[in-house]
K.L.:
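Take a look at the following structure, please.
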Amino acid sequence: MTVYLGDGDQFEHRPVYTEIVHRAHRAGLAGASVFRGIEGFGAHSLIHTARLLDLAEDLPVAVVVVDEEQRIRDFLPEVREVITQGLITLDSIEVVAHLTPEGTP
């Protein structure tokens with residue numbers, strides 16, 4: 001699952017991306033990462049960019065959560081609860097390797 005939102009989006013005085021990651025962790029999902037964009041636009045067609053200080057607000061953020069399909073689908077209500085705007089996508093993936101720090105699958 002990928003959740004696209006702005007880095008300024010808040011849920012109960014906390015960044016939405018932080019809330020999603022912590023909820024995914026509590027739910028025992030396999031992993032979650034947050035990627036901050038340096039430039040982008042969304043539904044309002046306003047370009048946000050890190051290049052100009054006066055436009056460096058609300059930069060794009062993508063939260064990627066990885067697990068089995070059903071576990072991701074079960075987690076969707078948690079995400080829907082914390083976002084008021086944004087985009088949620090589900091993509092099928094093929095895992096070709098999953099190596100642990102110890103080097104074992």
K.L.:
Could you state the interatomic distance from CD1 (I72) to CG (D74), rounded to the nearest 0.5 Å?
P.N.:
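So the gap between those two atoms works out to 9.5 Å.
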K.L.:
Hey, what do you get for CZ (F11) to CD1 (I83), rounding to the nearest 0.5 Å?
P.N.:
11.5 Å
K.L.:
To the closest 0.5 Å, what do you measure between CZ (R73) and CG (L76)?
P.N.:
7.0 Å
K.L.:
If you take all heavy atoms of L5 and Q85, which pair is closest and at what distance?
P.N.:
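Looks like CB-O, 4.3 Å.
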K.L.:
So which heavy atom on G37 is nearest to which on L59, and how close?
P.N.:
O-CB, 3.7 Å
K.L.:
Please say yes or no: joined through hydrophobic side-chain contacts below 4.5 Å, possibly via intermediate residues, are V65 and L90 part of one cluster?
P.N.:
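V65 clusters together with L90.
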K.L.:
Distance from I20 atom CD1 to D9 atom CG, nearest 0.5 Å?
P.N.:
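Separation between the atoms: 9.0 Å.
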K.L.:
For V66 and A30, which heavy atoms make the closest approach, and how far apart are they?
P.N.:
O-CB, 3.2 Å
K.L.:
With a 4.5 Å heavy-atom cut-off, do P60 and R36 have their side chains touching?
P.N.:
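The answer is no, as the side chains (C-beta and beyond) never meet within the 4.5 Å cut-off.
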K.L.:
Starting from the C-alpha separation in whole Å, work towards a yes-or-no answer on side-chain contact (heavy atoms from CB on, under 4.5 Å) for V34 and V21.
P.N.:
CA-CA 8 Å; V34 178; V21 168; 3.5 Å; yes
K.L.:
Quick one, V64 with F35, criterion side-chain contact (heavy atoms from CB on, under 4.5 Å). Give me CA distance, side-chain angles, the key distance, then yes/no.
P.N.:
CA-CA 8 Å; V64 178; F35 300 95; 3.8 Å; yes
K.L.:
For the backbone of G28 and the side chain of R71, can you confirm whether one donor and one acceptor N or O come within less than 3.5 Å of each other?
P.N.:
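Yes; at least one donor-acceptor contact below 3.5 Å.
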K.L.:
To check you understand the geometry: which heavy-atom pair defines the closest contact between Y17 and D7, and what is its length?
P.N.:
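Heavy atoms only, the tightest pair is CE2-O, 3.8 Å.
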K.L.:
Supply the atom-to-atom distance R80 CZ to I88 CD1, rounded to the nearest 0.5 angstrom.
P.N.:
5.5 Å
K.L.:
What's the shortest heavy-atom distance between V61 and G6, and which atoms?
P.N.:
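Of all heavy-atom pairs spanning V61 and G6, the closest is CG2-C, 4.1 Å.
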K.L.:
Applying side-chain contact (heavy atoms from CB on, under 4.5 Å) to R23 and L29, what does each step give before you reach the verdict?
P.N.:
CA-CA 9 Å; R23 286 180 181 222; L29 298 179; over 6 Å; no
K.L.:
Please determine whether the number of non-hydrogen atoms from other residues, nucleotides or ligands lying under 6.0 Å from atom CD of E68 exceeds 12.
P.N.:
no
K.L.:
Look up atom CD in E69 and atom CD1 in I93, then write down how far apart they are to the nearest 0.5 Å.
P.N.:
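Separation between the atoms: 11.0 Å.
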K.L.:
Considering non-hydrogen atoms only, spot the tightest contact between A24 and F75 and give its length.
P.N.:
N-CZ, 3.4 Å
K.L.:
Near R14 CZ, under 6.0 Å, is it more than 12 heavy atoms from other residues, nucleotides or ligands?
P.N.:
yes
